[in-house]
Every structure is written in structure tokens, then in C-alpha cells.
Amino acid sequence: MAEQVVFDKPKVELHVHLDGAIRVQTIVDIAKRRGINLPAQTAEGMTRRICLEEPATLTVFLSKFNEYMHVIAGDREAIKRIAYEFVEDKAKEKVIYVEVRYSPHLLANTKVKPIPWNQQEGDLSPDEVVHLVNEGLREGEKAFNIKARSILCCMRHMPSWSMEVAALCKKYQHEGVVAIDLAGDESLNCEAYPEHRKAYEEAERCGIHRTVHAGEVGPATVVKEAVDVLKAERIGHGYRTLYDRDLYTKLREKNMHFEMCPVSSKLTGACQPDFTRHPIITFMKDKANYSLNTDDPLILSSTLHLDYRIAQNLMGFSEEEFKRVNINSAKSSFLPKEEKEELLYSLYEAYGMVQSTPF
Ligand SMILES: O=c1[nH]cnc2c1ncn2[C@H]1C[C@H](O)[C@@H](CO)O1
């Protein structure tokens, strides 16, 4: 059955993980080409292994990456392909600007300690991973006429990688990398290690934008640390900011942007499963600055349309609110000023908000 599309207009997406947005068929194809044995041979079978159907914990959710990352990591063609296909998938959802994030280290098989996913050492470094993703995104942009930028993730449990992440952000700053992020299991590592802090300091020094996963499943203190210590300009998720009303008020006064992911927040156990009582509703009613995003559509078996449908049908979103959300997303994007203005203009035009010049 065709999906109901509730806001069939140009959109902006700011929080989506490249390695959580791979097509299942691509995983199956690549495993076949590389001679990697999968627990299921078909896309349907692998979907059952990878996708979460019931609310779980962030830890369980993140364990799903173990099912397939070894298929993609260390393979040049695979990495370029997932970046290219990602852009195609976003274009189909009428996303005109996307910021996609990933950990270069988790896709590498050399110059990374430990080598992830039990891979044998190979010759693909985190640096080359970034180069390949950039190529795939660039080719996708040309083919599908949308704009795609990337964010490089530090991982909470791997502080020793973080300085290199900052260095890669700097090296590829003019080739589509716009920001640094800190992802991973906040429920296990609440306070950011000194290495993460140093990487964020370096990012700030080099003019690299900063976002941090915080207050998804961790307490509001993680959000506070993200803002005060890591100098985050946006917060990934941030639902639990609401547990500290003073912090919430302060961040709203600062016009802090929150990257919200409705479907994800239910299945990771970040929020209660009842969407009609979701924290996003408070952000909406308070006219806060936030975006709507998929996070990891592969593992959630979702699309951006599903997030919008839930927002409309269960959270009371109006067409006007969807427009406001996307305009705020564009304003909070990590594009340089001129490109941001161009993006905003495209949205105003598509939303019928451009005033005609009086004679
Ligand atoms: O929702 C999330 N919270 C924290 N970390 C996440 C989430 N989704 C994906 N990740 C992790 C797992 C990926 O391998 C990594 C980089 O994209 O980021």
C-alpha cells in the first residue's frame, strides 16, 4: 500500500546517520559480492534481523549495527554506493537539503584501533572513508538535484578517536563536511571524556560547527554539558532537557536547535511509546526551534514520511507548523550564510511565502 504523504513539500533533514540509513538490498548485494555469509540471504530475511519492531533500549538499538556493519566497512565501492543511494532516497522524500552523519572510524579497516566489527586489517583508513563518502554524496547531489553535507561523529565509547575526527572535519571542511558530532551510548558514558572535550575545543578553534547527542536517553545534565563544555550549537534529540525546566527555558531563550526524531525516540526507549504525550508536543506548543528527522531509517524500518505522518496524526502538527519547522531547520543548518539564504528562499518560494514586489 502506498504511504500517505502528509507534507509533500520541500524539506530539510539535519539528523540522520548514514550507517543507519542503508538499503537492506544493498547490504545483501554487497555481502554476496564480497562472499560474506549473512544469517539471511534475502532482503526480507535481513530486514527481520536488523529492524526493531518494539520499543527497546538505546543499547539494544545500537547493537543492531553489529548485524551488518562488517559488510559495508572496509569496502570502497560499498561506502561510495551507500552515500550515493542515501542521496537518492532523500530526494524521493522531497528533502532538498540534508546533513548526514557517520563515524569514519566505524567504516575503516586500517589506522583505527581497535579495528571495528571483527574485520581483518585492510587498507581503508578513516581519512579515505571521508573522501569516499564525499564522492558518493557529490555524485548523488548532481544526479538527484539536492544538497547534501556531512557531519563526522566522535563515539562516546571511543575517546581515542575524537582528535582525529576533529582533524578530519578540518581537512574536509571545504569538501562538504560541515560539523562534528558526539554519538553513541549516552546511557553508558554520561560525562564526555577529556579527549572529546579537546576535540570539540579544536573544532571551535577551527570554525567547525558542533552538535552533540544529548538528553536522548541520558539526563538533562548531559545536555547542559553539551552546551556549556562542548559548546554545542545544536542538540541531537534533547527530549530530556524538559526534566530541567530552567535549562529548557535558558536554551529556548538562546534559540537552541533540537534535532528531534519521533519514530526513533519510541523504538530506542528514549520516550514513552504514546506519541500523543510525546515531549515534541511541548517543544511545538512553545514554538521552540527544532527539526523533524529520521535518525536511522534502516533500523527503524521508517521513512521521513512516517515521522511527519505521526507528527500530524498523533501530535497535532499543522501544515503551518511543518513549514515553521523546516524554515527553522534551514536557519539552524550548518551551511555558510549565502547558501543558507538560498536554501531559505527555496523554502519560502515552495511554501508560497515570497511576497511579490509591488510596482
Ligand atoms: O540515536 C542514536 N543515538 C546515539 N548514537 C547513535 C544513534 N543512532 C546511531 N548512533 C550511532 C551508531 C552509529 O554507528 C554512529 C555513527 O553514525 O552513531
Side-chain angles (χ1 to χ4, degrees), residues 13-22 27 50-52 55-74 78-79 82-83 86 98-108 112 114-117 119 126 129-130 133 137 150-159 161-162 164-165 168-169 177 179-190 192 196 211-219 222-223 226 230 232 234-240 258-271 291-302 307:
E13 187 171 7
L14 301 180
H15 189 123
V16 51
H17 294 257
L18 179 62
D19 51 338
I22 303 168
I27 296 169
I50 296 169
C51 299
L52 262 187
T57 61
L58 184 61
T59 313
V60 169
F61 175 83
L62 292 174
S63 72
K64 292 290 188 176
F65 286 84
N66 295 323
E67 300 279 352
Y68 62 89
M69 282 297 278
H70 61 290
V71 176
I72 308 294
I79 290 169
I82 62 167
F86 170 81
V98 63
E99 285 172 11
V100 62
R101 62 188 71 196
Y102 63 97
S103 155
H105 294 82
L106 289 178
L107 288 166
V112 50
I115 297 175
W117 322 113
Q119 296 174 93
V129 166
V130 179
V133 172
L137 295 179
S150 59
I151 296 175
L152 305 185
C153 298
C154 304
M155 299 304 299
R156 282 203 182 259
H157 66 294
M158 288 309 306
W161 294 349
S162 288
E164 195 188 6
V165 176
L168 290 172
C169 288
V177 175
I180 192 165
D181 178 33
L182 177 56
D185 204 336
E186 211 193 334
S187 64
L188 303 179
N189 303 94
C190 269
H196 298 316
T211 179
V212 174
H213 279 73
E216 179 184 18
V217 298
V222 184
V223 179
L230 302 178
R234 299 196 320 228
I235 296 294
H237 304 275
Y239 318 110
R240 297 191 182 194
F258 294 87
E259 305 156 357
M260 305 251 155
C261 311
V263 175
S264 155
S265 71
K266 173 178 170 175
L267 293 173
T268 56
C271 301
S291 47
L292 289 174
N293 308 281
T294 50
D295 202 14
D296 295 283
L298 163 63
I299 298 171
L300 303 163
S301 193
S302 68
D307 286 288

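All of these numbers come straight from a predicted model, not from anything done at the bench. Sequence positions, counted from 1, serve as the residue numbers for this chain. Start at 1 and go down the list; that is how both ligands and their atoms are numbered.
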Exercise for review: Enumerate the atoms of ligand 1 whose separation from the nearest heavy atom of Leu106 is less than 4.0 angstrom.
Suggested key: 14 (O)

Review point. So do Leu14 and Arg234 actually touch side chain to side chain, heavy atoms under 4.5 Å?
Key: yes

Review point. Taking the non-hydrogen atoms of Arg156, is any one of them nearer than 4.0 angstrom to ligand 1?
Key: no

Exercise for review: Taking only heavy atoms of Met155 into account, list the atoms of ligand 1 that are under 4.0 Å away from them.
Suggested key: 11 (C), 15 (C), 18 (O)

**Study point:** Exam field: side chain His213 to backbone Gly184, donor-acceptor pair closer than 3.5 Å
**Key:** no

Check your understanding: Which part of Asp185 is near ligand 1, with near meaning a heavy atom under 4.0 Å away: side chain, backbone, both or neither?
Key -> neither

Study note, to complete from the structure: the protein heavy atom lying closest to atom 7 (C) of ligand 1 turns out to be His17 NE2, 3.6 Å

Review point. Of the options His15, His17, Arg101, which is the one that meets Asp181 in a side-chain hydrogen bond (donor to acceptor under 3.5 Å, both in side chains)?
Key: Arg101

Review point. What atoms of ligand 1 come within less than 4.0 Å of a heavy atom belonging to Leu62?
Key: 5 (N), 6 (C), 7 (C), 9 (C), 10 (N), 11 (C), 12 (C)

Practice item. Output yes when a side-chain donor or acceptor of Glu67 lies under 3.5 Å from a complementary backbone atom of Lys64, and no otherwise. Key: no

Review point. Residues in side-chain hydrogen bond (donor to acceptor under 3.5 Å, both in side chains) with Thr211, at least two apart?
Key: Glu259

Check your understanding: Does an N or O anywhere in Asp295 fall below 3.5 Å from an N or O of ligand 1?
Key -> yes

Practice item. Among all protein heavy atoms, pick the one closest to atom 13 (C) of ligand 1 and tell me residue, atom and distance. Key: Asp19 OD2, 3.1 Å

Review point. With only distance considered, is Tyr102 within less than 3.5 Å of ligand 1 through an N or O on each side?
Key: no

Review point. Out of Asp296, Thr294, Asp295, which one pairs with Ser264 under the side-chain hydrogen bond (donor to acceptor under 3.5 Å, both in side chains) rule?
Key: Asp295

Practice item. Select one of side chain, backbone, both or neither to describe which atoms of Glu216 lie under 4.0 Å from any atom of ligand 1, heavy atoms only. Key: side chain

Review point. Which atoms of ligand 1 are found less than 4.0 Å from any heavy atom of Ser103?
Key: 16 (C)

Exercise for review: Would you check if the side chain of Arg240 reaches a backbone N or O of Ala270 as a donor-acceptor pair within less than 3.5 Å?
Suggested key: yes

Review point. Does ligand 1 have any atom sitting under 4.0 Å from a heavy atom of Gly184?
Key: yes

Point to revise | Tyr239 side chain to Met260 backbone, donor-acceptor under 3.5 Å | key: no

Practice item. Give a yes or no answer on whether the side chain of Glu216 reaches the backbone of Glu186 with a donor-acceptor pair at less than 3.5 Å. Key: no

Check your understanding: Of all the heavy atoms in Thr268, does at least one lie under 4.0 Å from an atom in ligand 1?
Key -> no

Point to revise | Under 4.0 Å to a heavy atom of Asp296 - the qualifying atoms of ligand 1, by number | key: 7 (C), 8 (N), 9 (C)

**Study point:** Side-chain donor or acceptor of Asp19 paired with backbone N/O of Tyr102 under 3.5 Å
**Key:** no

Check your understanding: Of all the atoms in ligand 1, which lie at a distance below 4.0 Å from a heavy atom belonging to His213?
Key -> 2 (C), 3 (N), 4 (C)

Review point. Is the shortest distance from a heavy atom of His237 to ligand 1 less than 4.0 Å?
Key: yes

